[in-house]
Each structure stands twice: as C-alpha cells, then as structure tokens.
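When reading the values below, keep in mind they use all heavy atoms of this one structure, side chains included, and skip hydrogens, waters and symmetry mates. Just so you know, these numbers come straight off a predicted model, no measurement behind them.
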Amino acid sequence: VQLVESGGMSVQGGGSLRLSCAVSGLTQSFYCMAWFRQVFGKEREGVAIIDRIGSTKYADSAKGRFTISQNNGPQTVYLQMNALEPNDSGIYYCAAREVSLYGSLCYMDATSYDNWGQGTQVTVSS
C-alpha cells in the first residue's frame with residue numbers, strides 16, 4: 001500500500017485547507033482510512049476515520065470543522081479543514097488498515113494502522 005499526502009501549508013487562523021491522500025495498492029475487501037496529526041514531542045493523535053462503506057468518525061477537536069471523504073474506492077482520501085485554529089498545526093499523516101472481514105470496526109488508534117504516508121505540514125498562525 002502506498003499513501004502520498006499533499007495540501008499542507010501555512011494558513012491564517014480561521015482559514016481552510018484541504019489535504020489529499022493518494023492511495024494505491026489496497027487489495028482487501030474492507031479497509032479503514034484515517035488522518036492523524038503529530039506535534040513535535042507528542043504522539044500521533046487521530047483526527048478522522050473513514051471506512052470502505054463511508055462510515056466516519058472524528059476526534060472531538062475536529063467535529064463540526066473537519067470532513068473526511070473519499071472517492072473511487074478510494075483513489076484519494078480528503079480531509080477538508082475549516083475554521084482552522086493554531087492548535088490544528090502539526091504534521092498530518094494518512095494511514096490505511098486493510099481487513100479481510102467486511103464491516104470491521106475502525107479505530108482511531110495509531111497502533112492499529114500499518115500503512116503510513118510521509119506526512120504533510122500544516123501550520124496555522126493566530
């Protein structure tokens with residue numbers, strides 16, 4: 001599985017960004033796709049999840065402001081981020097977990113994902 005993130009940049013607080021994750025190599029019938037954020041010195045924290053059938057989950061900090069979506073099964077996973085705050089700054093990673101059991105639960109836990117992109121930097125200034 002290959003994951004390539006893009007779209008990170010510096011933005012003023014209150015602004016919007018859309019991150020993209022180009023996905024290739026998924027082979028199982030079901031998967032979990034996720035966005036994580038990491039700040040220097042801290043562990044990666046889950047931001048949003050989407051699965052094969054389009055079910056989504058969000059971290060409390062992302063609810064109402066961020067939207068995760070996918071297209072074409074997926075070829076691309078997006079994270080639309082609105083009303084950005086300085087606390088949203090960090091390196092955003094795309095992650096994938098393939099499972100053979102259709103309808104499996106997806107978790108916002110970095111240890112459950114075994115495929116990662118290289119990350120894209122988001123910096124939100126106040």
Side-chain angles (χ1 to χ4, degrees):
V1 178
Q2 289 191 322
L3 307 171
V4 181
E5 302 97 332
S6 62
M9 62 187 301
S10 295
V11 64
Q12 288 273 358
S16 298
L17 281 177
R18 188 175 80 159
L19 305 182
S20 299
C21 174
V23 183
S24 61
L26 291 175
T27 60
Q28 297 295 318
S29 60
F30 198 81
Y31 58 77
C32 304
M33 299 297 303
W35 285 96
F36 286 80
R37 176 177 61 232
Q38 187 167 27
V39 177
F40 181 76
K42 296 187 177 181
E43 294 184 353
R44 290 181 188 182
E45 59 177 354
V47 176
I49 295 172
I50 191 167
D51 67 19
R52 175 67 176 85
I53 57 177
S55 298
T56 58
K57 296 178 184 178
Y58 295 92
D60 287 343
S61 62
K63 290 177 182 177
R65 300 188 300 127
F66 295 4
T67 303
I68 188 170
S69 61
Q70 62 185 346
N71 68 352
N72 298 332
Q75 291 184 352
T76 311
V77 177
Y78 302 98
L79 183 67
Q80 177 67 43
M81 304 187 293
N82 298 326
L84 283 162
E85 305 168 351
N87 285 341
D88 296 320
S89 298
I91 301 175
Y92 282 72
Y93 293 93
C94 179
R97 170 177 173 249
E98 292 190 282
V99 292
S100 57
L101 181 61
Y102 199 88
S104 297
L105 292 176
C106 297
Y107 301 99
M108 207 170 292
D109 174 5
T111 61
S112 66
Y113 293 83
D114 46 13
N115 300 287
W116 293 86
Q118 83 288 351
T120 187
Q121 177 73 48
V122 173
T123 302
V124 184
S125 58
S126 57

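- The shortest side-chain heavy-atom distance between Met81 and Arg65 does not fall under the 4.5 Å cut-off.
- Lys57 contributes atom NZ, which lies 5.5 Å from atom CG of Leu105 (distance to the nearest 0.5 angstrom).
- To the nearest 0.5 angstrom, Thr67 atom OG1 is 11.5 Å from Arg18 atom CZ.
- Trp116 and Ile91 fall within the same hydrophobic cluster, defined by Ile, Leu, Val, Met, Phe, Trp and Tyr side-chain heavy atoms under 4.5 Å apart, directly or through other members.
- Here the closest heavy-atom approach between residue Asn82 and residue Ser16 is recorded as OD1-OG, 2.9 Å.
- Annotation: side chain of Glu98 is in contact with side chain of Thr27 (closest heavy-atom distance under 4.5 Å).
- For the residue pair Ser20 and Trp35, the shortest heavy atom distance occurs at O-CH2, 3.6 Å.
- Closest heavy-atom contact between Cys106 and Phe30: SG-CE2, 4.4 Å.
- Gln28 CD to Leu101 CG: the interatomic distance, rounded to the nearest 0.5 Å, is 11.0 Å.
- The hydrophobic clustering, which links ILVMFWY residues whose side-chain heavy atoms are closer than 4.5 Å, places Tyr107 and Val99 apart.
- Under a 3.5 Å cut-off, the side chain of Gln70 and the backbone N or O of Asp51 do form a donor-acceptor pair.
- Of all heavy-atom pairs between Asp88 and Val122, the closest is O-CG1, 4.3 Å.
- Val39 and Phe36 fall into different hydrophobic clusters, where Ile, Leu, Val, Met, Phe, Trp and Tyr side chains are chained together by heavy-atom contacts under 4.5 Å.
- In this structure, SG in Cys32 is found 11.5 Å from CG in Asn115, a value given to the nearest 0.5 Å.
- Between Cys21 atom SG and Gln75 atom CD the span is 12.0 Å, to the nearest 0.5 Å.
- For the pair Glu5 (side chain) and Thr120 (backbone), a donor-acceptor distance under 3.5 Å is absent.
- The cluster map of Ile, Leu, Val, Met, Phe, Trp and Tyr, joined by side-chain heavy atoms under 4.5 Å apart, puts Met33 and Tyr78 in different clusters.
- Clustering ILVMFWY residues whenever any of their side-chain heavy atoms sit less than 4.5 angstrom apart, transitively, puts Leu19 in a cluster other than the one holding Met108.
- Shown here is Glu43, whose CD atom has no more than 12 heavy atoms of other residues, nucleotides or ligands within 6.0 Å.
- Side-chain contact between Tyr93 and Leu3 is absent, with no heavy-atom pair separated by less than 4.5 Å.
- Using a 4.5 Å heavy-atom cutoff, the side chains of Arg37 and Ser61 are in contact.
- Atoms CD and OG, from Gln12 and Ser126 in turn, are 8.0 Å apart once rounded to the nearest 0.5 Å.
- The environment of CD in Gln2 is sparse: at most 12 heavy-atom neighbours from other residues, nucleotides or ligands sit within 6.0 Å.
- When all heavy atoms are compared, the tightest approach of Val1 to Ala96 is CG1-CB, 4.3 Å.
- The shortest side-chain heavy-atom distance between Tyr113 and Ile49 falls under the 4.5 Å cut-off.
- Counting heavy atoms from C-beta on, the side chains of Ile50 and Tyr31 never come closer than 4.5 Å.
- Between Tyr58 and Ile68, the closest heavy-atom pair is OH-N, 2.9 Å.
- Leu26 places a side-chain heavy atom less than 4.5 Å from the side chain of Pro74.
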